[in-house]
Amino acid sequence: EAQVTQNPRYLITVTGKKLTVTCSQNMNHEYMSWYRQDPGLGLRQIYYSMNVEVTDKGDVPEGYKVSRKEKRNFPLILESPSPNQTSLYFCASRGRGGNEQFFGPGTRLTVL
Amino acid sequence: AQKVTQAQTEISVVEKEDVTLDCVYETRDTTYYLFWYKQPPSGELVFLIRRNSFDEQNEISGRYSWNFQKSTSSFNFTITASQVVDSAVYFCALSDTLNTGGFKTIFGAGTRLFVKA
């Protein structure tokens with residue numbers, strides 16, 4: 001089954017404790033992206049990647065890092081999480097020339 | 001800068017009513033793509049449609065229809081004969097060129113639609 005998976009789905013952590021949210025897709029897609037969703041703000045793009053080792057900043061990259069060492073994986077790293085990074089995070093992927101982004105199920109992160 | 005405005009924060013209708021969700025966008029690109037996504041209460045994001053900037057034809061898919069007008073920078077979404085299952089948050093989104101350069105996507109704030117039985 002074609003899908004984008006994210007782990008963990010729920011995470012509660014404390015300020016400053018490094019964490020990684022994994023994202024993996026099995027569709028051989030070139031493009032992958034991370035978004036955060038906050039009430040009243042819709043989805044805002046954090047980082048995106050056009051292919052292996054090619055990444056670029058979205059609109060809200062501060063406080064986040066990403067890497068794309070393999071085509072299927074695009075982890076989101078929070079080196080020193082802060083409470084303002086409490087949010088719902090979505091990973092997405094899309095093939096070259098494809099119509100739609102395929103979204104993962106979301107990761108709800110709470111930073112205390 | 002690119003921007004997507006969904007001025008309607010919440011809409012409430014009674015089942016079988018028609019409802020239109022508005023989307024107004026801003027971009028300096030001549031080639032761009034517009035999308036609608038649905039987010040039901042379960043939280044997943046469901047792709048509904050993509051429209052490129054060169055194709056102003058309206059589209060109909062069952063009870064859903066989309067009206068793209070470049071002259072007013074709008075890409076409105078109409079649900080005909082709404083049903084309770086249509087209750088969701090609907091997002092309009094704008095993306096720059098899909099195949100070259102980038103994958104930057106801007107989403108609107110979303111419109112929450114309540115359909116009452």
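Nothing here was measured: the structure is a model prediction, and the numbers come from that model. These values consider heavy atoms only, across backbone and side chains, with no hydrogens, waters or symmetry-generated copies. Below, chain A is the first sequence line, B the second, and so on; all start at residue 1.
- Residue A:Leu88 is not grouped with residue A:Trp34 when hydrophobic side chains (ILVMFWY) are merged at heavy-atom distances under 4.5 angstrom, including chains of intermediate members.
- The minimum heavy-atom distance linking A:Gly40 with B:Ala109 is given by the pair O-CB, 3.4 Å.
- Within 6.0 Å of NZ on B:Lys70 lie more than 12 heavy atoms contributed by other residues, nucleotides or ligands.
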### Task
Would you check, one step at a time, whether the test side chain to side chain contact (heavy atoms under 4.5 Å, CB included) holds for A:Gln101 with B:Tyr37?
CA-CA 10 Å; A:Gln101 291 187 64; B:Tyr37 288 86; 3.5 Å; yes
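- Cluster membership for B:Val24 and B:Tyr90, using ILVMFWY side-chain heavy atoms within less than 4.5 angstrom, is not shared.
- Contacts of A:Phe90 with chain B are made by side-chain atoms alone, with heavy-atom separations under 4.5 Å and no backbone atom involved.
- No single ILVMFWY cluster, assembled from side-chain heavy atoms under 4.5 Å apart, contains both A:Val52 and A:Tyr31.
- Heavy atoms closer than 4.5 Å to chain B are found in the side chain of A:Gln37, but not in its backbone.
- Residue contact with chain A, scored on non-hydrogen atoms closer than 4.5 Å, involves the side chain of B:Gln39 exclusively.
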### Message
Before you tell me yes or no, could you show the steps for B:Leu45 and A:Leu43 under side chain to side chain contact (heavy atoms under 4.5 Å, CB included), namely the whole-Å CA-CA distance, both residues' side-chain angles and the distance that decides it to 0.1 Å?
### Response
CA-CA 11 Å; B:Leu45 284 155; A:Leu43 281 80; 3.6 Å; yes
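- Only the side chain of B:Ile106 has a heavy atom closer than 4.5 Å to any heavy atom of chain A.
- Between the CZ atom of A:Phe103 and the CZ atom of B:Phe47 there is a distance of 10.5 Å, given to the nearest 0.5 Å.
- In the hydrophobic cluster analysis, where Ile, Leu, Val, Met, Phe, Trp and Tyr join through side-chain heavy atoms closer than 4.5 angstrom, A:Met50 is grouped apart from A:Val66.
- Sparse packing is recorded around CD of B:Gln57, with 12 or fewer heavy atoms of other residues, nucleotides or ligands lying under 6.0 Å away.
- Using modelled atom types, one side-chain atom of A:Gln45 and one backbone atom of B:Thr105 make a donor-acceptor pair closer than 3.5 Å.
- Dense packing is recorded around CG of A:Leu112, with more than 12 heavy atoms of other residues, nucleotides or ligands lying under 6.0 Å away.
- With a 4.5 angstrom heavy-atom cutoff, A:Leu41 touches chain B only via backbone atoms.
- Classification of A:Asp59 and B:Lys104 as a salt-bridged pair holds, one side-chain N sitting under 4.0 Å from a carboxylate O.
- With respect to chain B, the highest number of heavy-atom pairs below 4.5 Å among A:Met32, A:Lys57, A:Arg44 belongs to A:Met32.
- No chain of hydrophobic side-chain contacts below 4.5 Å, direct or via other Ile, Leu, Val, Met, Phe, Trp or Tyr residues, connects A:Tyr35 to A:Leu109.
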